[in-house]
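All chains are named by letter (A, B, ...) in the order of the sequence lines, taking the proteins before the strands, and each is independently numbered beginning at 1.
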2 protein chains.
Amino acid sequence: MAENPNESSDLERAPEKLGDAAYREMKERIIRGVYRPGHKLTVRAIAQDLDVSTTPARDAINRLASEGALVYAGPKTVVVPVLDAAALREITLTRLALEGLACEQAAQHGTPDNVEELKSLQRLINSALDERRYAEALWHNKEFHFAIYRLSGLPQLVSMIESLWLRIGPSLHNLYPEFAEEKYGVRNHEIAVEALAERDGASLRAAMENDIRDGYRRLKRASLEREAGQSA
Amino acid sequence: MAENPNESSDLERAPEKLGDAAYREMKERIIRGVYRPGHKLTVRAIAQDLDVSTTPARDAINRLASEGALVYAGPKTVVVPVLDAAALREITLTRLALEGLACEQAAQHGTPDNVEELKSLQRLINSALDERRYAEALWHNKEFHFAIYRLSGLPQLVSMIESLWLRIGPSLHNLYPEFAEEKYGVRNHEIAVEALAERDGASLRAAMENDIRDGYRRLKRASLEREAGQSA
DNA sequence: TTCACAATTTTGTTGCAACAAAACTGCAGC
DNA sequence: GCTGCAGTTTTGTTGCAACAAAATTGTGAA
């Protein structure tokens with residue numbers, strides 16, 4: 001008679017629902033920059049794009065909106081957010097706290113295999129930067145970060161971080177031209193890899209925090225320039 | 001022709017939708033312990049309880065589930081989560097990071113009025129504890145914490161913290177009997193109030209971290225006892 | 001009692017139509 | 001050019017029915 005839900009090893013795999021698929025697809029489009037900041041989304045348009053009915057499309061939009069990846073610009077208007085200075089600062093502070101925590105935990109679990117994987121990802125970033133394939137560099141950059149965060153063994157934390165990346169993701173695509181004047185984040189990543197190899201949590205955290213702050217500076221500058229341009 | 005969504009002061013107030021109302025109501029029930037860990041929820045039952053159709057009920061459940069406040073115990077079974085040791089640890093680590101950050105930011109903005117408000121909330125907690133009205137004590141305890149966190153001026157951070165509280169909320173209601181053997185969190189709260197008055201961010205953070213860790217210890221003990229009881 | 005298994009009931013998902021409300025368009029009037 | 005405003009179109013929300021699939025119940029055998 002006793003109910004006994006979710007034991008420790010609860011790995012039931014539900015068949016993916018249409019709404020989930022729509023959600024994943026939209027998430028990827030947002031990260032990859034298909035939908036740029038300011039882009040307006042409608043239920044019916046998404047439904048048509050993804051070839052599903054309005055219900056799953058609406059589910060996906062609502063879910064993204066509740067995560068902050070989309071915002072309401074009006075009662076019936078959902079857009080990809082354009083981050084202002086305050087929002088940018090808030091996200092960055094939160095990222096520092098959460099990604100910092102993930103780094104410290106990750107350092108305790110890193111193996112030589114993980115170190116190799118990171119080096120390999122970094123090579124992909126480097127060559128993408130060299131060939132000015134910025135979108136691809138951004139993508140591998142994300143993989144690099146999350147390869148580390150996943151080592152923390154804290155899956156819920158990783159998804160919280162993911163939702164933060166979803167918020168800044170679109171804005172990153174506005175940094176393209178000046179993006180690789182100096183190789184974006186390369187040095188920080190190198191230090192991070194070393195720190196992970198040495199299982200030095202504090203150093204890993206510091207390197208990644210540095211990386212986050214560097215990105216923040218660039219975004220803030222771009223944001224200020226945009227605001228100045230608008231009011232002028 | 002240029003779109004110009006979400007300016008700095010974007011305070012458009014949309015009339016509340018049924019789905020949002022359902023979401024709020026369920027959130028409150030979860031925090032207040034109406035739905036206990038293990039409680040199974042169905043779309044139609046919720047719809048009937050809240051007197052709406054299935055669509056808003058389903059919206060609310062899905063949203064709560066995507067926040068982690070509800071979990072899938074099977075493909076068609078949504079329950080209030082029963083936290084195991086690992087989940088408890090993960091949430092606590094995240095809480096320390098996020099609530100710690102909120103404290104540090106809050107300390108920079110505290111006013112004498114805020115200090116008075118906190119003292120008043122603490123009085124409510126005290127008398128509720130004295131009269132063994134635990135659910136009420138828990139409620140005011142939440143208000144105390146969030147009164148501080150809101151001072152951070154970081155609204156998105158506050159909602160992230162809220163979703164974490166939603167996850168542990170139900171479990172707290174299992175601590176009732178031994179809950180006030182020693183006054184729960186009172187000393188830490190007193191220190192926190194002083195720290196806020198002095199705008200001492202580090203102390204405020206330390207006091208609240210202490211509070212979080214104390215709650216963690218109790219929950220962990222209860223969780224271990226429960227697991228031992230189950231397998232025996 | 002315990003287990004297996006089939007019949008039955010309950011459940012979530014999906015698609016869709018109706019409705020009210022918001023967004024948009026175009027046109028005067030300044 | 002810009003502003004204000006009506007008419008028109010588009011939009012999100014809601015309720016609901018159908019369907020497939022999962023959960024539950026009941027039955028019988030070991």
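- Whole-Å rounding puts the B/Y72 OH to C/dT11 P distance at 15 Å.
- Remark: C1' of C/dT11 and CZ of B/R58 are 12 Å apart, rounded to the nearest angstrom.
- Residues A/R24 and A/E28 are not paired through a salt bridge, judged by the lack of any N-O separation under 4.0 Å between the basic side chain and the carboxylate.
- Between A/D20 and A/R63, at least one side-chain nitrogen of the basic residue sits less than 4.0 Å from a carboxylate oxygen of the acidic one, meeting the salt-bridge criterion.
- By the 6.0 Å contact criterion, NZ on A/K220 is open, its count of non-hydrogen atoms from other residues, nucleotides or ligands being 12 or less.
- Listed nucleotides D/dG15, D/dA23, C/dG15 differ in distance to B/K40; the shortest reach to its side chain belongs to D/dA23.
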Is there a salt bridge (charged side-chain N to carboxylate O under 4.0 Å, His left out) between A/K17 and A/D59? Walk through the geometry before answering.
CA-CA 11 Å; A/K17 303 164 219 170; A/D59 283 353; over 6 Å; no
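- In this model, no donor atom of one side chain and acceptor atom of the other lie less than 3.5 Å apart for B/H109 and B/N114.
- Rounded to an integer number of Å, the gap from B/I61 CD1 to C/dT14 C1' is 16 Å.
- Side-chain proximity of B/R44 to the nucleotides C/dC16, C/dG12, D/dT11 is greatest for C/dG12.
- One can place CG of A/L50 at 12 Å from P of C/dG15, the figure rounded to the nearest angstrom.
- Note on B/T54: every side-chain N or O is 4.0 Å or more away from OP1 and OP2 of D/dC16.
- In this entry the distance linking CG of B/N62 with P of C/dT11 reads 16 Å, nearest Å.
- Of the two residues near DNA chain C, B/L41 and B/T55, the one whose nearest nucleotide lies more 5' is B/L41.
- Distance B/K17 NZ to C/dA20 C1': 14 Å, rounded to the nearest Å.
- For A/Q48 and C/dG15, the CD to C1' distance is 15 Å, given to the nearest whole Å.
- The side chain of B/S53 has D/dT14 as its nearest neighbour among C/dA23, C/dG15, D/dT14.
- Relative to the side chain of B/L18, the nucleotides C/dG15, C/dA23, D/dT14 differ in distance, and D/dT14 lies closest.
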Where protein sits on nucleotides 3-8 of chain D, one letter per nucleotide: B base, S sugar-phosphate only, - none, heavy atoms under 4.0 Å
------
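- Closest to the side chain of A/P56, from the set D/dT11, C/dT14, C/dA22, is C/dT14.
- In this structure, the CG atom of B/D51 is 13 Å from the C1' atom of D/dG15, given to the nearest Å.
- Taking the six-membered ring where the residue is Trp, A/Y149 and A/F146 present perpendicular rings, their angle passing 60° and hence far from 30°.
- Counting distance only, with no hydrogens placed and no angle test, the side-chain atoms of B/K76 and the base atoms of D/dA23 include no donor-acceptor pair under 3.5 Å.
- Relative to the ring axis of B/W165, B/R95 places its NZ or CZ within 45° and under 6.0 Å from the centre.
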